[in-house]
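The structure appears right after this line, and notes come after that.
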There are 2 protein chains.
Amino acid sequence: MQTDSAPRPTLADVAAKAGVSASTASLAFSGSGPVSDATKARVLTAATELGYAGPDPRGRSLRRGRSGIVGVVLEERVRAAFLDPVKIQTLDGITEGIAPLGAGLLLLTDTGEAGGQAVGIESAPVDAVVLIGCSPRLAHSVEVLRRRGIPAVAIEGKTDEDIPEISIDNRNATRRGAEYLRELGHTQVSLVTLPLDAERTRGPLTAELERDSTTAVATERLAGARAVFPDATGLAAAASSIEEGLEAGRALLADPANRPTAIIAQSDLLAAGVIQAAEELGIAVPRELSVLGFDGIRVDGLQHDLTTLVQPSVAKGRAAGEAIVRMLAGEPAASVAFVSTLHLGDTTAPPHRSTP
Amino acid sequence: MQTDSAPRPTLADVAAKAGVSASTASLAFSGSGPVSDATKARVLTAATELGYAGPDPRGRSLRRGRSGIVGVVLEERVRAAFLDPVKIQTLDGITEGIAPLGAGLLLLTDTGEAGGQAVGIESAPVDAVVLIGCSPRLAHSVEVLRRRGIPAVAIEGKTDEDIPEISIDNRNATRRGAEYLRELGHTQVSLVTLPLDAERTRGPLTAELERDSTTAVATERLAGARAVFPDATGLAAAASSIEEGLEAGRALLADPANRPTAIIAQSDLLAAGVIQAAEELGIAVPRELSVLGFDGIRVDGLQHDLTTLVQPSVAKGRAAGEAIVRMLAGEPAASVAFVSTLHLGDTTAPPHRSTP
DNA sequence: CGGGGTTGTCGAATCGATTCGACCTTCACG
DNA sequence: CGTGAAGGTCGAATCGATTCGACAACCCCG
């Protein structure tokens, strides 16, 4: 046990104690390079005796030019992001993808820099960055990273720069789902969208709101639905959650006289909420109301097998991670477009005519 | 647009271009220190022209001795950890707590170091660390951090060292919940615990399993329940999830002839699963079965108002973050013990006697 | 016995920024 | 007009480790 004031031993101290040069001591730790077993043992012993905990990552990263850290930029606060199972799956995929790097994951938010000394995207010791989602600040983030020379990959985010983009066919997938509903005979269809603008405005889909929408995912999925049901009304949710879906569902289903026979939700959580609202109101799913989701996650506690567009969230993350590994190896990394598949569950059926 | 091979400009380059010394340029960026407005403007202009993106965090952190990063050690892989709402809330609290630091959050797992160059707890450029949960590797992690001289805080983890510990009254809280059940008249009580050992063995609570248990939280809550119902049988779950609770519930409720009138679950997710199992089997909650949870989270999709022991997860995280802020400021930080409160919902009632 | 090759070790330069103390200018006040 | 203070700038040392090229010792084989 050493006193608190004692400065922590450095590699040089260890080298001195072991009677070798700092270079040799470094070699002994990093493993690479020719060092005799005897010397290595001596260095390691000296290190133990001095209570040396291994090379300081700061010095190492300065010299090596690599920090061994990959940044993940979330478009919202941590809590909000991790409430979304899709994001968690994606994050998990990233972890898998960058595993060969042995790098850590640094959580960053692009909420425009708090204090002066804050570690934001402007100044984080990261080797590469994954941008998740498409906030209005995405362009800014990309610009900063370009200046810093840090490779980046975007998941579901359009960028001007030539950074690889991992995406799915949001528009076509939704269109396919919508077409399926039309084939079943639905014509009275309503939509529940993800937040469309940066303010996460909750409310009816107005022309104005749609025009000013800034989030590509919601916009694309909306376009896909509109390609089949051009005049569908709908509601924008403030987040992707069961709670929001429940609220939207209550609003859309409130009026028995003027009720859609099908609802297209832009996420499974929203869909689950809609179903819950239907149950509250005594509306049978799928007999009286068909519900289509998006994501293909397992919603804990949902009794139905949701009809939904299954997207490979984990694979998306993994692809992003792999792209980063390639970029860090100096190889080019291409964009990857995944394809969602329509899963037919038990929440969709032909519309039920109460008055034939 | 510069060629790829061109080395990124450094502070020295900027200084040269602005016609000042490197020291002055540094002052201009860091803000602290006397620099004339004219000079500062000249430096900033030069930086812009050169495409300089600000001081390199690596050099800065080496010199300053601070990286502006706080590590969070999770006891399992990222996916698993973030499936648990309590952990997410805690993480969010930590974010709040360390906000004044403007530090980033680095995710680490203590799964015993992967490759050689991996950024684990052994070599991560962090200023401080929050240890979440009590894995068997906790002692090792703490030892490494002590050697590295990195301040740490443990959430729900007993350590020998004198690091601050943020905890709740797991044992007493559970005991209070159990006493409440006893007061209601229950005597046939079963338990569903969190994983007890590192292997996350799923199965009946045997004396052997209980003796070898390594996770303090589960053990403490178990002891609290046992203080009231010494002979209660039970099942250990492999994780805190609705799925696991469902499975445990099915097993415990399978035999109509020998069925508990109350189940104490060690987490709300497990409790929700148990309730779901009861519904499947046509057992009315709370009339035929009382269910007690732990955590006080809002379980999305659960129709009941769970009777549970509400713990302040966010506050726990915040306290940990604040402790870290204090420690980094050189002040002492004390352990904090939070207290859970028993929330009386609609999932508990006096036992229902089918044969009076 | 000597030359070529291998192996192990060392010195010194380098990564990029920060900071302390010294130095010079300028201004205000006695 | 002189002098002390304040403000602004600079040099040089420093943070801790890595790496390149040089060098010494040693071995094998002709």
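Naming convention: chains lettered A, B, ... in sequence-line order (proteins, then strands); numbering from 1 in each chain. Basis for what follows: all heavy atoms, side chains included, without hydrogens, waters or symmetry-related copies.
- Side-chain atoms of B:S67 and B:D127 include a donor-acceptor pair closer than 3.5 Å.
- Between A:D13 and A:Y52 the shortest side-chain heavy-atom distance does not fall below 4.5 Å.
- Residue contacts for A:P34: at a heavy-atom cut-off of 4.0 Å it reaches a base atom on one of the strands shown.
- At a threshold of 4.0 angstrom between heavy atoms, the contacts of A:S23 include nucleobase atoms, whether or not backbone atoms are also involved.
- Between B:D37 atom CG and D:dG7 atom C1' the separation is 12 Å, expressed in whole Å.
- If B:R42 and B:L62 are placed on DNA chain D by their nearest nucleotide, the residue sitting closer to the 5' end is B:R42.
- Considering all non-hydrogen atoms of both residues, A:K316 and A:I155 come closest at CE-CG2, 3.9 Å.
- A:R148 is listed as a side-chain neighbour of B:P57, based on a closest heavy-atom distance under 4.5 Å.
- Nearest heavy-atom pair, A:V43 versus A:V14, reported as atom, atom and distance to 0.1 Å: O-CG1, 3.6 Å.
- Counting heavy atoms from C-beta on, the side chains of B:M327 and B:P164 come closer than 4.5 Å.
- Scanning DNA chain C 5' to 3' for nucleotides with an atom closer than 4.0 angstrom to a non-hydrogen atom of chain B gives a first and last hit of C:dG16 to C:dT19.
- A:T39 comes within contact range of the sugar-phosphate backbone alone, with a heavy-atom separation under 4.0 Å but no base atom that close.
- Counting any heavy atom pair closer than 4.0 Å across all strands shown, B:S26 reaches a base atom.
- The residue among A:R63 and B:V20 whose nearest nucleotide of DNA chain D is located toward the 5' end is B:V20.
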